[in-house]
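Data first, discussion second: the structure below is written as structure tokens.
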Amino acid sequence: MHMNNIMELLDKDKCCGCEVCKSVCKPNAISLKSNDEGFLYPEIDDNICVKCGKCSLTCPVLNHTESKMQSDCYAGYIADKNILINSSSGGFFTALANNFLRIYPDDGYVVGVVWDTTYSNVYHFCSKDINDIAKMRGSKYIQSNKGNIYDEVLSKLESEFNVLFVGCPCEVVALKRYLKKDYERLIAVDLVCKGPTSARMWKDYKLCLEQKYKSSITSVNMRYIGWKEWIPQWINIKFSNGNEFKKIFYTTDFGRAFYLVQRKSCYSCNFRDKGRMSDITLGDFHGANTLKKYYNRLGTSIVIANSEKGKCTISNLLSKDTLLLPVNYEEIIKHNPCIIKSNLPNEKRGIFLKLYNDVNMHLAVKKTYPLKERLINYLPPDLSGKLYRLAQLFKGRKGKS
Ligand SMILES: Cc1cc2nc3c(=O)[nH]c(=O)nc-3n(C[C@H](O)[C@H](O)[C@H](O)COP(=O)(O)OP(=O)(O)OC[C@H]3O[C@@H](n4cnc5c(N)ncnc54)[C@H](O)[C@@H]3O)c2cc1C
């Protein structure tokens with residue numbers, strides 16, 4: 001019987017780029033092609049497609065389901081200061097991963113996202129080596145390449161290994177659909193996610209920096225602590241000739257691209273709130289009460305248990321390694337609404353992309369970035385950090401009045 005393939009059923013703008021259709025297609029009829037925004041979309045070779053329908057039956061967008069979440073919420077941070085300053089918020093990914101490999105030293109695998117060797121792209125990577133956790137640490141704000149990760153996780157689980165998988169909410173749902181059944185040995189962790197920007201934009205930005213510094217990149221940290229506190233986040237890039245680039249993330253061309261451009265499907269993402277299928281959700285605790293014990297100025301995470309397994313995993317964390325306290329779910333959502341709902345597309349998204357495609361990223365940023373906000377770029381780093389934080393405070397006060 002002939003079944004419809006994914007491209008016959010799925011509105012392209014709704015495709016979340018999870019790549020599970022490609023993974024499930026055994027005849028290899030599906031390849032991924034970049035659109036003019038730099039995001040990857042599946043393309044089907046009709047000469048190879050056997051119309052088995054597996055791609056459309058697995059697609060998480062076409063087969064959306066909702067589950068009842070438990071929503072036990074906590075806030076806190078990892079005790080190890082060195083790990084904390086190198087993490088995106090409170091370091092709970094590392095706390096979970098280290099504890100997992102401590103419990104399963106011989107039969108546990110962690111899956112997270114790492115840079116490739118040239119810092120051009122990021123991909124999901126599976127490892128049992130505790131030294132690889134540091135490479136996974138740190139949010140890389142571009143969409144990852146999934147490669148054959150879903151299949152690798154399946155074969156690990158089938159071989160009775162334990163797996164801790166971390167990814168964006170759509171990637172967790174895609175994994176669950178690929179696996180087709182629940183595995184007690186799998187702990188799925190998703191992130192609070194406003195949506196990644198495209199790898200092509202990062203590549204263009206990287207090329208400009210490498211030309212400017214006449215050297216290749218040797219490390220990237222998009223959540224660098226530039227001035228004693230985790231907010232505002234900075235970007236720190238090191239080069240093989242010893243140069244170092246440090247700037248407030250959202251004032252850089254790439255930071256602006258991430259601010260303005262998400263994948264189209266991210267503006268109507270169905271994998272938040274009740275659409276999540278993870279055991280645990282991790283995010284930044286924006287708007288945290290800085291006087292509370294759970295707050296650390298070097299980074300504070302929110303940790304949400306979505307299942308009994310998630311609750312149990314969190315309760316297994318050693319109290320000497322982490323500080324974690326219960327917090328109110330409504331309070332968290334008030335300051336971080338993208339836990340439950342998508343952002344609207346930025347009104348400058350279209351013009352930014354047009355200028356980016358017609359001219360280049362730098363001009364697109366220049367023309368869409370108001371002068372008064374841009375001036376901050378020209379101040380010495382310490383002063384710009386202080387001013388940025390003052391501006392945010394002022395904005396918050398104005399919003400409240
Ligand atoms: C694209 C993206 C958008 C995000 N948007 C928000 C947001 O709007 N609000 C918010 O509160 N939090 C957001 N986060 C999550 C936040 O940045 C932190 O990852 C989270 O607070 C966990 O902090 P941590 O200290 O435990 O992270 P870390 O210890 O730094 O670990 C980060 C984890 O994220 C994984 N990861 C890194 N890059 C990617 C990627 N490209 N795709 C999938 N997984 C990745 C790593 O493998 C690691 O497991 C986003 C993350 C990403 C990747």
Side-chain angles (χ1 to χ4, degrees), residues 16-19 39 74-78 80 82-98 100 110-116 121-127 132-146 149 164-172 174-175 187-199 201-202 220-225 230-231 233 249-250 255 257-259 261-263 266 269 271-272 278 280-288 296 298-304 314 317 322 324 332-333 335-343:
C16 63
C18 70
E19 302 180 21
F39 293 103
Y74 312 86
Y77 54 88
I78 192 164
D80 186 317
N82 191 37
I83 295 176
L84 182 60
I85 59 173
N86 285 301
S87 299
S88 305
S89 58
F92 268 90
F93 158 65
T94 307
L96 291 169
N98 284 353
F100 187 78
V110 176
V111 179
V113 170
V114 297
W115 287 102
D116 65 11
N121 223 326
V122 298
Y123 64 98
H124 267 83
F125 174 63
C126 177
S127 174
D132 287 332
I133 301 303
K135 295 181 199 156
M136 296 174 187
R137 196 179 297 143
S139 294
K140 296 112 185 150
Y141 293 116
I142 53 177
Q143 194 157 30
S144 86
N145 288 338
K146 263 59 82 178
I149 200 69
L164 176 79
F165 179 95
V166 185
C168 295
C170 54
E171 292 159 352
V172 167
L175 172 69
I187 298 170
V189 178
D190 65 4
L191 304 167
V192 175
C193 174
K194 78 162 192 161
T197 198
S198 76
M201 292 204 196
W202 165 255
V220 177
N221 182 350
M222 294 185 176
R223 294 294 297 251
Y224 179 70
I225 296 184
W230 68 302
I231 294 171
Q233 74 195 68
F249 179 73
Y250 283 108
F258 176 62
Y259 178 72
V261 181
Q262 269 63 56
R263 194 182 173 99
C266 299
C269 169
F271 308 115
R272 302 163 203 260
S278 62
I280 297 171
T281 299
L282 298 179
D284 307 338
F285 197 176
H286 297 301
N296 191 314
L298 297 176
T300 305
S301 287
I302 50 173
V303 181
I304 308 175
I314 292 167
L317 290 171
T322 51
L324 200 59
I332 284 178
I333 287 166
H335 298 288
N336 202 343
C338 82
I339 296 172
I340 55 166
K341 62 172 194 231
S342 307
N343 287 347

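Indexing begins at 1, ligand by ligand and atom by atom, following the structure's order.
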Worksheet item: Using heavy atoms and a threshold below 4.0 Å, how should the contact between Ser88 and ligand 1 be classified: side chain, backbone, both, or neither?
Response: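 Under 4.0 Å from ligand 1, Ser88 contributes backbone and side-chain atoms.
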Could you tell me, atom by atom, which parts of ligand 1 come under 4.0 Å of a heavy atom of [X]?
X: Ser89; value: 20 (C), 21 (O), 22 (C), 23 (O), 24 (P), 25 (O)
X: Gly112; value: 47 (O)
X: Pro196; value: 1 (C)
X: Glu171; value: 43 (C)
X: Asn336; value: 9 (N), 10 (C), 11 (O)
X: Gly91; value: 24 (P), 25 (O), 26 (O)
X: Gly90; value: 25 (O)

Counting non-hydrogen protein atoms only, what is the nearest one to [atom]? Give residue, atom name and distance.
atom: atom 5 (N) of ligand 1; answer: Lys194 N, 3.3 Å
atom: atom 48 (C) of ligand 1; answer: Met136 O, 3.5 Å
atom: atom 19 (O) of ligand 1; answer: Ser139 OG, 2.9 Å
atom: atom 38 (N) of ligand 1; answer: Lys140 N, 3.0 Å
atom: atom 2 (C) of ligand 1; answer: Tyr141 CD2, 3.5 Å
atom: atom 32 (C) of ligand 1; answer: Gly138 N, 3.9 Å

Worksheet item: Of Val114, Thr281, Val192, Leu191, which has the heavy atom at the shortest distance from atom 14 (N) of ligand 1?
Response: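 Comparing heavy atoms across Val114, Thr281, Val192, Leu191, the nearest one to atom 14 (N) of ligand 1 lies in Val192.
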Item to complete: Run down the list Val111, Val113, Leu282, Leu84 and name the one with the heavy atom closest to atom 36 (N) of ligand 1.
Response: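 Heavy atom nearest to atom 36 (N) of ligand 1 belongs to Val113.
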Does any part of the side chain of [Y], heavy atoms only, come nearer than 4.5 Å to the side chain of [X], both counted from C-beta?
X: Glu19; Y: Ile149; answer: no
X: Ile302; Y: Ile339; answer: yes
X: Tyr123; Y: Val114; answer: yes
X: Leu282; Y: Phe93; answer: yes
X: Asp284; Y: Val192; answer: no

Worksheet item: Is the closest heavy-atom distance from Arg223 to ligand 1 below 4.0 Å?
Response: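 So Arg223 counts as touching ligand 1.
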Item to complete: Could you establish whether Cys193 and ligand 1 come within less than 4.0 Å of each other, counting only heavy atoms on the residue side?
Response: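 Yes, that is the case, since the closest heavy atom of the residue is under 4.0 Å from the ligand.
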Discussion item. Just to verify, which of Ile142, Val122, Thr197 counts as forming a side chain to side chain contact (heavy atoms under 4.5 Å, CB included) with Trp202?
Written reply: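 When side chain to side chain contact (heavy atoms under 4.5 Å, CB included) is applied between Trp202 and each of Ile142, Val122, Thr197, only Ile142 qualifies.
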Decide whether an N or O pair under 3.5 Å exists between [X] and ligand 1.
X: Ile142; result: yes
X: Asn86; result: no
X: Arg137; result: no
X: His124; result: no
X: Ser144; result: no
X: Gly283; result: yes
X: Phe92; result: yes
X: Asp284; result: yes
X: Phe93; result: yes
X: Cys168; result: no

Worksheet item: Hey, does the side chain of Arg272 reach the backbone of Pro337 with a donor-acceptor pair shorter than 3.5 angstrom?
Response: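 Here the side-chain-to-backbone pair does not exist.
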Look up atom [atom1] in [X] and atom [atom2] in [Y], then write down how far apart they are to the nearest 0.5 Å.
X: Phe285; Y: Ser89; atom1: CZ; atom2: OG; value: 11.0 Å
X: Ile280; Y: Ile314; atom1: CD1; atom2: CD1; value: 4.0 Å
X: Ser139; Y: Met222; atom1: OG; atom2: CE; value: 9.5 Å
X: Lys194; Y: Cys338; atom1: NZ; atom2: SG; value: 8.5 Å
X: Ile83; Y: Arg137; atom1: CD1; atom2: CZ; value: 5.0 Å
X: Asn221; Y: Ser87; atom1: CG; atom2: OG; value: 9.5 Å

Discussion item. Tell me the closest heavy-atom pair linking Gly76 and Phe92, and the distance in Å.
Written reply: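 Looking at all heavy atoms of both residues, the shortest contact is C-CE1, 3.4 Å.
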Fill in: Minimal non-hydrogen separation, Phe100 against Val110, with atom names
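Taking every non-hydrogen atom into account, CD2-CG2, 4.0 Å.
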Discussion item. In terms of relative ring orientation, are Phe249 and Tyr141 parallel, tilted or perpendicular, with 30° and 60° separating the classes?
Written reply: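 Answer is tilted, since the angle falls between 30° and 60°.
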